[in-house]
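Heads up, the thing below is written out as structure tokens.
Just follow the structure's listing: the first ligand is 1, and inside any ligand the first atom is 1.
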Amino acid sequence: GGPASIARFRGALVGAVLGDCVGGEFEGAEEVPMDRVLQHLNGLQDEDRGEGILQYSDDTAMTRCVVQSLLTRAGFDEQDMAYSFAKEYSLSPGRGYGSGVIQVLKKLRVPKLNDVFQPARAQFNGRGSFGNGGAMRAAPFALAFRDHGDVKRYARLGAMLTHSCSLGYNGAVLQALAVHLSLQGALDRPHKFINRLIMEMEEVESEEAARQDARLLKESEFPFCDRLHRVKDLMERNQVSIEEVISELGNGIAALHSVPTAIFCVLHCLEVREGLPENYRGMERTMAYSLVLGGDTDTIACMGGAIAGAHYGVDAVPNAWGRCCEGADDADRSAEHLHKLYPRLPPEG
Ligand code: R7I
Ligand code: MG
Ligand code: MG
């Protein structure tokens, strides 16, 4: 479909659920042989598997809250979104939430809390979390706002409800921007795409809070830009091993060690690659490749799935895969609602 088509919207949200559900199998595994990944993915084709057999985790649970809040409030409402996270957690606490964020979610379970950003600020001795929990749920912001300034602003605020460290919330900004650009068709020109992300993040990371967190955590001056430059270097190489990707970009639970990785997975899998099945198309390649990296596989596949889904569209998701994932149908319907509300372009002239 064309830029911001309904197929791209549906692909983004269904791709995210798919990544979370299929990636759950390997979360925390150090090394995942391709054989095991393919066995897992091929198993999804079995007719008698039943529906929704792969359950979604916190990544999707929180994404659903973001979607519902953006839809029912017709925009960003911090109180509503915070309460929605807290309620979801209390109803279904066993979805694999990060160990730190649970404290925030318990404190947010007070309706009409005065400052909903306060519990997040209290995390990790007052510096806030740098985990990828803000980024993993950032995709819907790209579907709810057309202006890229709004996408950045609200993805950041939405993440700050649980992640007040800039290395956490800026991961959400980067992920939302990647989905935003992908929806517009920007992955047709991969180099332009990565350059654009670097340019945007240069501006984002020049803010004082970001500089300060980077110093405090002994990261380079522009941590996300730095990683995006590494993505670009890896893109320019003919051969890249899994080990190199992990050592250059990471596969961990920090936003800095997973958002650029997810972006790389998508870029790398735009082409046919040695070691990935020849009958796999881009969407399937992205999923398989995210899983062989090991580490935070549900989250990296979820973020990569959203970006890839926005590029290839929902029709690229194998039907059998979608059927196996809890919440895929809901994601599909939500994407249609968000598409209906997506602001139309002003008439030219
Ligand atoms: O970021 P968050 O929501 O976790 C998301 C991850 C995803 O992989 C999900 O799939 C799920 O498995 O969890 O939750 P947080 O608790 O805020 O952060 C995750 C973890 O990162 C924490 O439990 C810490 O281990 C680590 N972490 C930190 N450690 C030290 N100092 C995050 N921030 C810090 C920090 O500032
Ligand atoms: Mg998870
Ligand atoms: Mg995870």
Side-chain angles (χ1 to χ4, degrees), residues 16-30 32 54-66 81-82 84-86 88-89 92-108 117-139 155-156 158-175 209-210 212-219 223 250-259 261-262 265 287 290-291 293-306 325-327:
V17 174
L18 192 74
D20 180 18
C21 290
V22 302
E25 174 82 5
F26 304 108
E27 191 181 20
E30 219 158 275
V32 188
L54 298 175
Q55 294 199 330
Y56 64 73
S57 78
D58 57 330
D59 304 47
T60 300
M62 294 192 92
T63 303
R64 290 161 62 102
C65 294
V66 171
M81 198 174 285
S84 160
F85 290 153
E88 167 60 32
Y89 171 72
S92 225
R95 295 266 186 196
Y97 287 84
S99 54
V101 76
I102 290 170
Q103 308 309 317
V104 181
L105 297 174
K106 285 179 179 161
K107 292 182 192 168
L108 290 174
F117 296 102
Q118 201 284 324
R121 283 198 296 267
Q123 294 294 95
F124 298 99
N125 300 315
R127 207 200 46 254
S129 171
F130 53 61
N132 55 20
M136 72 189 184
R137 60 174 193 254
R156 171 189 158 119
M160 285 174 89
L161 292 168
T162 51
H163 292 68
S164 77
C165 176
S166 64
L167 285 144
Y169 62 72
N170 280 342
V173 172
L174 175 57
Q175 167 66 9
Q212 205 177 317
D213 285 336
R215 271 196 301 275
L216 228 69
L217 288 158
K218 299 194 172 21
E219 292 291 344
N251 63 359
I253 208 162
L256 186 62
H257 303 153
S258 50
V259 183
T261 312
C265 288
M287 286 295 134
S290 312
L291 305 197
L293 295 180
D296 196 359
T297 46
D298 66 333
T299 305
I300 293 173
C302 171
M303 297 188 295
C325 298
E326 180 194 12

Open item on the list: What I want to find out is whether R95 reaches E27 closely enough, with some N-O distance under 4.0 Å, to be called a salt bridge.
Closed with: no
TODO: Output all residues satisfying ring-ring contact (aromatic ring centres under 6.0 Å, His included) with F85, sequence neighbours left out; order by chain, then residue number.
DONE: none
Task: Atom pair CG/NE2 of L167 and H257 - distance to nearest 0.5 Å - done: 8.5 Å
Open item on the list: Would you say D298 and S57 are linked by a side-chain donor-acceptor pair, where the criterion is simply a distance under 3.5 Å?
Closed with: yes
- [ ] Say whether, by atom type as modelled, one donor and one acceptor occur between the side chain of S92 and the main chain of E88 under 3.5 angstrom.
- [x] no
Open item on the list: What protein N/O/S atoms are there under 2.8 Å from the Mg ion (ligand 3), waters excluded?
Closed with: E27 OE2, D296 OD1, D298 OD1, T299 OG1
Below 3.5 Å only, please: the N or O atoms of ligand 1 paired with protein N or O atoms, distance on each line.
{"from": "ligand 1", "atom 1": "1 (O)", "to": "N132", "atom 2": "N", "distance (Å)": "3.4"}
{"from": "ligand 1", "atom 1": "1 (O)", "to": "G133", "atom 2": "N", "distance (Å)": "2.9"}
{"from": "ligand 1", "atom 1": "1 (O)", "to": "H163", "atom 2": "NE2", "distance (Å)": "2.7"}
{"from": "ligand 1", "atom 1": "8 (O)", "to": "E27", "atom 2": "OE2", "distance (Å)": "3.3"}
{"from": "ligand 1", "atom 1": "8 (O)", "to": "D296", "atom 2": "OD1", "distance (Å)": "2.8"}
{"from": "ligand 1", "atom 1": "8 (O)", "to": "D296", "atom 2": "OD2", "distance (Å)": "2.6"}
{"from": "ligand 1", "atom 1": "8 (O)", "to": "T299", "atom 2": "OG1", "distance (Å)": "3.0"}
{"from": "ligand 1", "atom 1": "10 (O)", "to": "E27", "atom 2": "OE2", "distance (Å)": "3.3"}
{"from": "ligand 1", "atom 1": "10 (O)", "to": "D58", "atom 2": "OD1", "distance (Å)": "3.2"}
{"from": "ligand 1", "atom 1": "10 (O)", "to": "D59", "atom 2": "OD1", "distance (Å)": "2.7"}
{"from": "ligand 1", "atom 1": "10 (O)", "to": "D298", "atom 2": "OD1", "distance (Å)": "3.3"}
{"from": "ligand 1", "atom 1": "10 (O)", "to": "D298", "atom 2": "OD2", "distance (Å)": "3.0"}
{"from": "ligand 1", "atom 1": "10 (O)", "to": "T299", "atom 2": "OG1", "distance (Å)": "2.9"}
{"from": "ligand 1", "atom 1": "12 (O)", "to": "E27", "atom 2": "OE2", "distance (Å)": "2.8"}
{"from": "ligand 1", "atom 1": "12 (O)", "to": "G96", "atom 2": "O", "distance (Å)": "3.2"}
{"from": "ligand 1", "atom 1": "16 (O)", "to": "G100", "atom 2": "N", "distance (Å)": "2.8"}
{"from": "ligand 1", "atom 1": "16 (O)", "to": "V101", "atom 2": "N", "distance (Å)": "3.0"}
{"from": "ligand 1", "atom 1": "17 (O)", "to": "S129", "atom 2": "OG", "distance (Å)": "2.6"}
{"from": "ligand 1", "atom 1": "23 (O)", "to": "S99", "atom 2": "OG", "distance (Å)": "2.9"}
{"from": "ligand 1", "atom 1": "33 (N)", "to": "S129", "atom 2": "OG", "distance (Å)": "3.4"}
{"from": "ligand 1", "atom 1": "33 (N)", "to": "F130", "atom 2": "N", "distance (Å)": "3.0"}
{"from": "ligand 1", "atom 1": "36 (O)", "to": "R127", "atom 2": "NH2", "distance (Å)": "2.2"}

TODO: Would you check if there is a donor-acceptor pair between the side chains of S166 and R127 at a distance under 3.5 Å?
DONE: no
TODO: Only counting residues at least two apart or in another chain, list the ones meeting ring-ring contact (aromatic ring centres under 6.0 Å, His included) with Y89.
DONE: Y97
Open item on the list: So, taking the atom named CE in M303 and the one named CG in D20, what distance separates them when rounded to the nearest 0.5 Å?
Closed with: 11.0 Å
Task: Under 3.5 Å side-chain donor-acceptor pair for N132 and D296 - done: yes
